Asks: 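Quick one: the structure is below, and I'll ask about it shortly.
Everything numeric in this text was worked out from a predicted model, so none of it was measured.
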Amino acid sequence: QVQLVESGGGLVQAGGSLRLSCAASGRTMAIYAMGWFRQAPGKEREFVAAISASGVSTYHSDSVKGRFTISRDHAKNTVYLQMTSLKPEETAVYYCAGKVPLLARDVYRNGREYDYWGQGTQVTVSS
């Protein structure tokens, strides 16, 4: 079983940037497809981005495409979410999640498909 811990959240002004990290322990992250999700107060959890176990395939939601980038470093057992041009409406708790995929190139957008979740990191974007 893998444990996931997010970090890198904080307070940033609109238009600013942050890089979130999701570190794995207990097992190598390399076998897992990974995803980033976010949840704002009073709203449903929202898919943000996903990356395959191999790292070859990525998928970003339309709302963040061109501004956010998901990546992974197998040597560091870490997945990243680089966020730029942040907007106040993107204030939320950001979660990383992991899943053993069918194929190493598969990405998953549905949160219900993920088996492991971190505790989340707060991102606050001020206007």
Asks: Quick check: is Val2 connected to Ile51 through a chain of hydrophobic side chains (ILVMFWY, heavy atoms under 4.5 Å apart)?
Replies: yes
Asks: Are the side chains of Val93 and Thr121 in touch, meaning some heavy atoms are under 4.5 Å apart?
Replies: no
Asks: Starting at OG of Ser25, measure out to CG of Leu4 and round the result to the nearest 0.5 Å.
Replies: 8.0 Å
Asks: Grab the two heavy atoms, one from Ala92 and one from Ala40, that are nearest each other, plus how far apart they are.
Replies: CB-N, 3.8 Å
Asks: Within the structure provided, determine whether Val125 and Lys87 are in side-chain contact (heavy-atom separation under 4.5 Å).
Replies: no
Asks: Within the structure provided, determine whether Val123 and Thr91 are in side-chain contact (heavy-atom separation under 4.5 Å).
Replies: no
Asks: How close do Pro101 and Asp106 get, counting heavy atoms only, and between which atoms?
Replies: CB-CB, 4.4 Å
Asks: Establish, from distance only, whether the side-chain atoms of Tyr94 and Arg38 form a donor-acceptor pair under 3.5 Å.
Replies: yes
Asks: With ring-ring contact (aromatic ring centres under 6.0 Å, His included) as the rule and sequence neighbours excluded, what pairs involving residues 107-127 come up?
Replies: Tyr32-Tyr116, Phe37-Tyr114, Phe37-Trp117
Asks: Of the non-hydrogen atoms in Leu81 and Ala49, which two are nearest, and what is the gap between them?
Replies: CD1-CB, 4.2 Å
Asks: Out of curiosity, Tyr80 OH to Arg19 CZ, how far, rounded to the nearest 0.5 Å?
Replies: 5.0 Å
Asks: Checking side chain to side chain contact (heavy atoms under 4.5 Å, CB included) for the pair Met29/Thr78: CA distance, chi angles, key distance, verdict?
Replies: CA-CA 7 Å; Met29 186 187 274; Thr78 301; 5.6 Å; no
Asks: What are the two closest non-hydrogen atoms of Met34 and Gly98, and how far apart are they?
Replies: SD-CA, 3.6 Å
Asks: Dump the intermediate steps for side chain to side chain contact (heavy atoms under 4.5 Å, CB included) on Leu86 and Leu18, then the final yes or no.
Replies: CA-CA 8 Å; Leu86 281 159; Leu18 280 175; 4.3 Å; yes
Asks: Can you list the steps and then say if Lys99 with Glu113 is a salt bridge (Lys or Arg N to Asp or Glu O under 4.0 Å)?
Replies: CA-CA 7 Å; Lys99 169 187 170 57; Glu113 295 187 273; 5.2 Å; no
Asks: Looking at every non-hydrogen atom in both residues, tell me the closest pair between Ser85 and Ser17 and how far apart they are.
Replies: N-OG, 4.3 Å
Asks: Going from OG on Ser54 to CD1 on Ile31, what distance comes out if it is rounded to the nearest 0.5 angstrom?
Replies: 13.5 Å
Asks: Hey, does Ser126 have a side-chain heavy atom less than 4.5 Å from the side chain of Leu11?
Replies: yes
Asks: Is there a path of hydrophobic side-chain contacts, each under 4.5 Å between heavy atoms of I, L, V, M, F, W or Y residues, that connects Val107 with Val64?
Replies: no
Asks: To the nearest 0.5 Å, what is the distance between OH on Tyr59 and OG on Ser52?
Replies: 14.5 Å
Asks: Side-chain contact test, heavy atoms from C-beta onward, threshold under 4.5 Å: evaluate it for Phe47 versus Asn110 and give yes or no.
Replies: no
Asks: With sequence neighbours excluded, give me every side chain to side chain donor-acceptor pair (under 3.5 Å) pair touching residues 66-76.
Replies: Arg67-Glu90, Arg72-His74
Asks: Take Gln119 and Tyr95 through the side chain to side chain contact (heavy atoms under 4.5 Å, CB included) test and state the conclusion after the steps.
Replies: CA-CA 7 Å; Gln119 83 291 346; Tyr95 300 91; 6.0 Å; no
Asks: Would you call His60 and Ile70 a side-chain contact if the rule is heavy atoms closer than 4.5 Å?
Replies: yes
Asks: Taking Gly120's backbone N and O only, do any of them form a donor-acceptor pair with Glu6's side chain (distance below 3.5 Å, no angle check)?
Replies: yes
